[in-house]
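What follows is a set of notes on a single structure, which appears directly below.
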There are 2 protein chains.
Amino acid sequence: MTTEQKHSDPALAFAAHDHAHCTGDVLARAEELSAETGARLTPVRRRALEILLESHRALGAYEVLEKLAEAGFGNQPPVAYRALDFLVDQGFAHRIRRLNAFAACMHPGEAHSPAFFICRACDAVAEAPAEAVRRAMEAAAARIGFSVERMNVEALGLCPTCAEAAS
Amino acid sequence: MTTEQKHSDPALAFAAHDHAHCTGDVLARAEELSAETGARLTPVRRRALEILLESHRALGAYEVLEKLAEAGFGNQPPVAYRALDFLVDQGFAHRIRRLNAFAACMHPGEAHSPAFFICRACDAVAEAPAEAVRRAMEAAAARIGFSVERMNVEALGLCPTCAEAAS
DNA sequence: GCTTGACATGTTATGCTATAACATACGATA
DNA sequence: TATCGTATGTTATAGCATAACATGTCAAGC
Ligand SMILES: [Zn+2]
Ligand SMILES: [Zn+2]
Ligand SMILES: [Zn+2]
Ligand SMILES: [Zn+2]
């Protein structure tokens, strides 16, 4: 890994880095996409995305809600769930079922079939492209005549930093 | 597919079949395994497994609880969660996070890395071996230095029967 | 300008999922 | 038979998610 290691490199989620790039670049990209498609990235929705981008963790809806409320938005659950549902629909965020939580998408706009690597020690979440995984699933599905519409692929384990610390 | 199509063929979950075989064979296998390992397949736990085996759907903990209560066991949530946790620990059941539900394992004892195919129309759940998926995940994990301990691989879509009906 | 309709947001209330904490029972072992 | 580990039962509560309704905003059509 040299200079072509981009801020969107999944390994970065598990390492110290200039996180402002993650936030700024992805947010800008989401705005471009919204302008193109006519999706309405309103203030709550935009703020919700910022909140997710401010960490590489997945945040529960109630965590997001709390921060939205701090920013002057409503403080009832539907406020957070609606904003998050919008982000997921637009592909700006992903839902991590294992954690009942949401994480900003690191590659908005790029068709991708994400896999998530969740560190059980520090709760960091890395999103990695997983085309090979998707192909394997499609193949397995084809064998039983199943047609796949959506997938959740999540792995729990230890990130490099925590694995090091544990040994 | 000819006569070597076993009751454990994942496609069967989506087709009419002699379901007593699923129930009986898998339950017997679970008992063998428990005897071998010393795991205590007590009456509640055994009944919970039977309940899961009685359908190819994934059942919520409260659904299982209701049926356990009908069988004379306690009717408070921990009764169901404890039995289900035991079954999952022993590899006799799997947790389907997308549905907040549990399904009996169709291949207890065989080391396997299951993938689940969930029909969004009829709620049937098929468990298929997915070694290729696991390998792809391990490879992706290795690239970012992540060590995988557990995985959830779930696909939502249409089973052959429902796809047919919808077209 | 006014009306209408689509959509976003706010709020109340409720339902579903999961676990903490403590009490009781029971078999194995010393 | 005293003790310990494990299983079960029960109470209470925490955490996650949505239904239903009210209000606000803006743009299209009259
Ligand atoms: Zn970052
Ligand atoms: Zn993504
Ligand atoms: Zn299995
Ligand atoms: Zn179906």
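Chain A is the first sequence line, chain B the second, and so forth, proteins listed ahead of strands; every chain is numbered from 1.
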Round to the nearest Å and state the distance from A/L84 atom CG to C/dA8 atom P.
15 Å
Whether A/N100 contacts D/dA17 is assessed here as follows: a side-chain N or O lying under 4.0 Å from the phosphate OP1 or OP2. Is that the case?
yes
Take A/Y62 and B/N75, find for each the nucleotide of DNA chain D with the closest heavy atom, and name the residue whose nucleotide sits nearer the 5' end.
B/N75
Less than 6.0 angstrom from the centroid, inside 45 degrees of the normal: does B/R95 satisfy that with respect to the ring of B/F102?
no
Among C/dT19, C/dA8, C/dT11, find the nucleotide with the atom closest to the side chain of A/R45.
C/dA8
Does the pair B/E63/B/K67 count as a salt bridge with the N-to-O cut at 4.0 Å?
no
Donor-acceptor contact below 3.5 Å, side chain A/H112 vs main chain A/E110:
yes
Distance, rounded to the nearest Å, where B/L65 contributes CG and D/dT11 contributes P:
13 Å
Between B/Y81 and A/P43, just flag the one whose closest nucleotide in DNA chain C comes earlier from the 5' side.
A/P43
Using whole Å, what does the distance between atom C1' of nucleotide D/dC16 and atom CZ of A/F102 come to?
10 Å
Are A/R97 and D/dC16 close enough that a side-chain N or O sits under 4.0 Å from OP1 or OP2?
no
Between B/E138 and B/R135, is there a side-chain N and carboxylate O pair less than 4.0 Å apart?
no
A/L87 atom CG is separated from C/dA8 atom C1', nearest whole Å, by 14 Å
Starting at atom CZ of B/R98, determine the distance to atom C1' of D/dA17, rounded to an integer number of angstrom.
15 Å
A/R82 vs D/dA19: side-chain N/O to OP1/OP2 distance below 4.0 Å:
no
Rounded to the nearest angstrom, tell me the gap between atom CG in B/L99 and atom C1' in C/dC16.
14 Å
Heavy atoms from C-beta onward define the side chain here; which of D/dA17, C/dA8, D/dT10 lies closest to that of A/T42?
C/dA8
Whole angstrom is fine here: how far is it from CZ in B/F73 over to P in D/dG9?
7 Å
Out of D/dT10, C/dT9, D/dA12, whichever nucleotide has its closest atom nearest the side chain of A/V44
C/dT9
C/dC7 P sits how many Å from A/D85 CG, rounded?
16 Å
Would you find a donor on one side and an acceptor on the other, under 3.5 Å apart, between the side chain of A/E154 and the backbone of B/N152?
no
Counting distance alone, no hydrogens or angles: does the base of C/dG27 have a donor or acceptor under 3.5 Å from a partner atom on the side chain of B/R40?
no
Side chain of A/P78, heavy atoms from C-beta onward: which of D/dA19, C/dA13, D/dG9 has the nearest atom to it?
D/dA19
